[in-house]
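Note that this is a predicted model, so its numbers are computed, not measured. Every heavy atom of this structure was used, including side-chain atoms; hydrogens, water molecules and symmetry mates were not.
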Amino acid sequence: MIWGGFVGIGAVKPPERVAVIGAGILGASVGWNLSRHGAKVVFIDAGQPGEGVTNWSFSWVNASNKTTRKSYFDLNVAGMAAHRELAGTIGPDSWWYPTGHLRWAEDPAAQAKLLETAGLLTSWDYQVEVCTGAEVRRHLERALTMPGEVPVLFYPDEAWVHGRHLVGRLVGQAVAFGAELRSGTAVCDIGTGGDGSIRTVALSDGSCLDVDIVVNAAGPSASHVAGLLSRHLPMRREPGVLTRIACAQVPVRRAMHAPHIEIRPDGDASVVLHSREIDALIDTGEGPVQLARLLRESAWKLVPELGNSRIAQTRVAHRPIPADGFPSVGGVPSVPGYYEAVSHSGITLGPVIGRLLASEILSGKRDEMLADFRPERFPS
């Protein structure tokens, strides 16, 4: 892939103005690609860039957990490659951490399932190494407590990302290219012309913008934004709790999925914790404070050096997942000028979706890589 290699757009007049609703990883990636190719972009976000669900994601760049459909796996592999290329383009500092990923289970049935998945991934030419807990402690993560004989999968090409830093870099560069940022204001209405095409965007601060294109990258609010155009975008309700714990020295180097807990570094002085098991307690009445304590207890068992850590931040966030679990990306034929960029795994997919959707907006050409993830599969 070549970041400058948008096929055929040189002879196409860029749209006069593109409103990108949502300045998370997907919106930032789309807007950055559009801006650098001459489009006039305005980012609109009810909060601040990168501080919504992007900042409350496990932020794990991978395709090993995306095997339910080969086209989805391929899209995520392309997302991993796009991250590496993006790091070469804008610089990797403070956001890009290609240190690999570890995964293991404790019961034999789950271990067998992981090894089966590893075999499938190997047949798809995806890099995976099988080692033991003892080897992991000896060579990769000395601070862990784990059985020495347990099989562990190591994915050397995977990474984690500091999402807020990446979004800040992309939006900042887009603004340098001429983009405008409207933060702290929400979209109240989207106006259309007599032919049904996009004309205006009205904001909660009372302003109204003339635009030609709207990109719905509003994450958990994407269904609401679609509804402003009488479009039905069904979304799952899937909340997740994420906790940051502060520590004087971060004792782990990479993202990992251990039994009962997911953990990764988050810079020089904190660690991020998540667990699907703890997520299941959200609707039982447990508050964020208790959920955070449960996450920290699980982390202590895995990494005793975290015993003196303190809970710094906790948030229950709603994952932006279309109803069938797959991305909704591309133009909606019934509303000329309206595009969607809505997906779970936005951290992995942001750079590739940003490139593909920007190319579609500027050239009118629909990439085959997005064929299975078109918005029209959800009829309005």
Those residues at least two apart in sequence (or on a different chain) that pass side chain to side chain donor-acceptor pair (under 3.5 Å) with Glu238 are Arg276
- Query: Under the side-chain contact (heavy atoms from CB on, under 4.5 Å) criterion, do Arg36 and Gln173 qualify, and how do the steps go?
  - Reply: CA-CA 9 Å; Arg36 70 198 298 263; Gln173 285 200 4; over 6 Å; no
*Residue pair Ile90 / Trp95, side-chain heavy-atom distance below 4.5 Å*: yes
Checking Ser183 side chain against Asp45 main chain: does a donor-acceptor pair fall under 3.5 Å? no
request  = Taking only Lys NZ, Arg NE, NH1 and NH2, and the carboxylate oxygens of Asp or Glu, determine whether Arg231 and Glu340 approach each other closer than 4.0 Å.
outcome  = yes
Exam field: side chain His37 to backbone Asn33, donor-acceptor pair closer than 3.5 Å: yes
Would you find a donor on one side and an acceptor on the other, under 3.5 Å apart, between the side chain of Arg236 and the backbone of Ala323? yes
Pair Thr243, Val272 - check side-chain contact (heavy atoms from CB on, under 4.5 Å), show working.
CA-CA 6 Å; Thr243 287; Val272 163; over 6 Å; no
*asked:* Quick one, Val20 with Val18, criterion side-chain contact (heavy atoms from CB on, under 4.5 Å). Give me CA distance, side-chain angles, the key distance, then yes/no.
replied: CA-CA 6 Å; Val20 178; Val18 182; 4.2 Å; yes
query = Going only through I, L, V, M, F, W and Y residues with side-chain contacts under 4.5 Å, is there a path from Val332 to Val187?
reply = yes
Original post:
Do side-chain atoms of Ser204 reach the backbone of Ala186 as a donor and acceptor pair under 3.5 angstrom?
Top reply: yes
Smallest heavy-atom separation, Ser223 atom then Met235 atom, equals CB-CG, 3.8 Å
Should Trp104 and Val136 count as side-chain neighbours, where that means a heavy-atom distance under 4.5 Å? no
Nearest heavy-atom contact between Val53 and Pro320 is CG2-CD, 4.1 Å
(Q) With a 4.0 Å cut-off on N to O distance, would you call Asp93 and Arg169 a salt bridge? (A) yes
Original post:
Between Arg69 and Asp324, is there a salt bridge with N-O shorter than 4.0 Å?
Top reply: no
Q | Side-chain donor-acceptor pair present, Asp279, His274, cut-off under 3.5 Å | A | yes
In this structure, are over 12 heavy atoms from other groups packed under 6.0 Å from Lys70 atom NZ?
yes
- Message: Strictly distance-based, threshold 3.5 Å: is any side-chain N or O of Tyr126 a donor or acceptor partner for the main-chain N or O of Ala63?
- Response: yes
CG of Leu370 to CG of Leu75, rounded to nearest 0.5 Å, is 6.5 Å
Check the hydrophobic clustering (I, L, V, M, F, W, Y; side-chain heavy atoms under 4.5 Å; chains of links allowed) and say if Leu302 and Leu153 are grouped together. no
Exactly one of Leu349, Asp372, Val342, Leu26 clears side chain to side chain contact (heavy atoms under 4.5 Å, CB included) with Pro327, and that residue is Leu349
| message | Taking Ile25's backbone N and O only, do any of them form a donor-acceptor pair with Thr54's side chain (distance below 3.5 Å, no angle check)? | response | yes
Could you check whether Arg182 pairs with Glu180 (Lys NZ or Arg NE/NH1/NH2 to Asp/Glu carboxylate O, under 4.0 Å)? yes
Does a side-chain heavy-atom distance below 4.5 Å link Leu120 with Phe73?
no
* Are any side-chain N or O atoms of Glu262 and backbone N or O atoms of Ser275, one a donor and one an acceptor, separated by less than 3.5 Å? -> no
task: May I ask you to decide if Leu306's main-chain N or O and Trp300's side chain share a donor-acceptor pair within less than 3.5 Å?
output: yes
To the nearest 0.5 Å, atom CZ of Arg319 lies from atom OG of Ser343 at 13.0 Å
task = Taking the side chain as every heavy atom from C-beta outward, state whether Pro288 and Val241 have any atom pair closer than 4.5 Å.
result = no
Exactly one candidate in Val252, Val250, Val271, Thr145 meets side chain to side chain contact (heavy atoms under 4.5 Å, CB included) with Val303; the answer is Val252
Item to complete: State whether a side-chain donor-acceptor pair under 3.5 Å links Thr200 with Asp210.
Response: no
Distance-only polar pair, side chains of Ser197 and Arg199, donor-acceptor under 3.5 Å | yes
*asked:* Pairing donors with acceptors under 3.5 angstrom, does anything connect the side chains of Asn55 and Arg164?
replied: yes
- What orientation do Phe58 and His257 show, parallel under 30°, tilted 30 to 60°, or perpendicular over 60°? perpendicular
In Arg254, Arg264, Arg253, the residue satisfying salt bridge (charged side-chain N to carboxylate O under 4.0 Å, His left out) with Glu141 is Arg254
Does Glu360 pair with Arg374 as a salt bridge, N-O distance under 4.0 Å? yes
Using 30° and 60° as the class limits, which term best fits the ring planes of Trp160 and Tyr97: parallel, tilted or perpendicular? parallel
For this session: With the side chain counted from C-beta on, respond yes when Asn65 and Asn76 share a heavy-atom pair under 4.5 Å apart, and no when they do not.
Result: no
Exercise for the section: State, with a plain yes or no, whether a side-chain heavy atom of Pro151 is found less than 4.5 Å away from one of Leu114. Expected result: no
### Task
Indicate yes or no: does Arg244 engage Asp266 in a salt bridge with an N to O separation below 4.0 Å.
yes
- Query: Does the side chain of Thr314 reach to within under 4.5 Å of the side chain of Val289, using non-hydrogen atoms?
  - Reply: no
**Report entry** Arg355 with Asp367: basic N within carboxylate O range, under 4.0 Å
**Finding:** no
The reported gap from CG in Leu281 to CG in Leu294 (rounded to nearest 0.5 angstrom) is 6.5 Å
Go through Glu158 and Arg84 one step at a time and tell me if the salt bridge (charged side-chain N to carboxylate O under 4.0 Å, His left out) criterion holds.
CA-CA 10 Å; Glu158 297 182 353; Arg84 291 190 290 269; over 6 Å; no
All heavy atoms of Phe43 vs all of Ala28, minimum pair found to be CE2-CA, 3.9 Å
In this structure, CG of Leu203 is separated from CD1 of Ile44 (nearest 0.5 Å) by 5.0 Å
> Hey, what's the ring geometry for Tyr72 with Phe326, parallel, tilted or perpendicular (30° and 60° as the breaks)?
Replying inline: perpendicular
inquiry  = Between His83 and Ile347 (side chain of the first, backbone of the second, donor and acceptor by atom type, cut-off under 3.5 Å), is there such a pair?
reply    = yes
- request: In sequence, state the C-alpha distance, the side-chain angles, and the governing distance for Asp212 and Lys40, and then conclude on salt bridge (charged side-chain N to carboxylate O under 4.0 Å, His left out).
  value: CA-CA 10 Å; Asp212 305 288; Lys40 297 177 181 178; over 6 Å; no
Rounded to the nearest 0.5 Å, the CG atom of Leu273 sits from the OG atom of Ser309 at a distance of 7.5 Å
Are any non-hydrogen side-chain atoms of Val152 and Arg103 less than 4.5 angstrom apart? no
So NE2 of His260 and CD of Glu277: to nearest 0.5 Å the spacing works out to 5.5 Å
(message) Treating Thr132 as the side-chain partner and Glu135 as the backbone partner, does any N or O pair qualify as donor plus acceptor under 3.5 Å?
(response) yes
*Check step by step if side-chain contact (heavy atoms from CB on, under 4.5 Å) holds for Arg293 and Ile311.*
CA-CA 8 Å; Arg293 288 173 180 163; Ile311 297 168; 4.1 Å; yes
Asp107 atom CG, over 12 foreign heavy atoms within 6.0 Å: yes
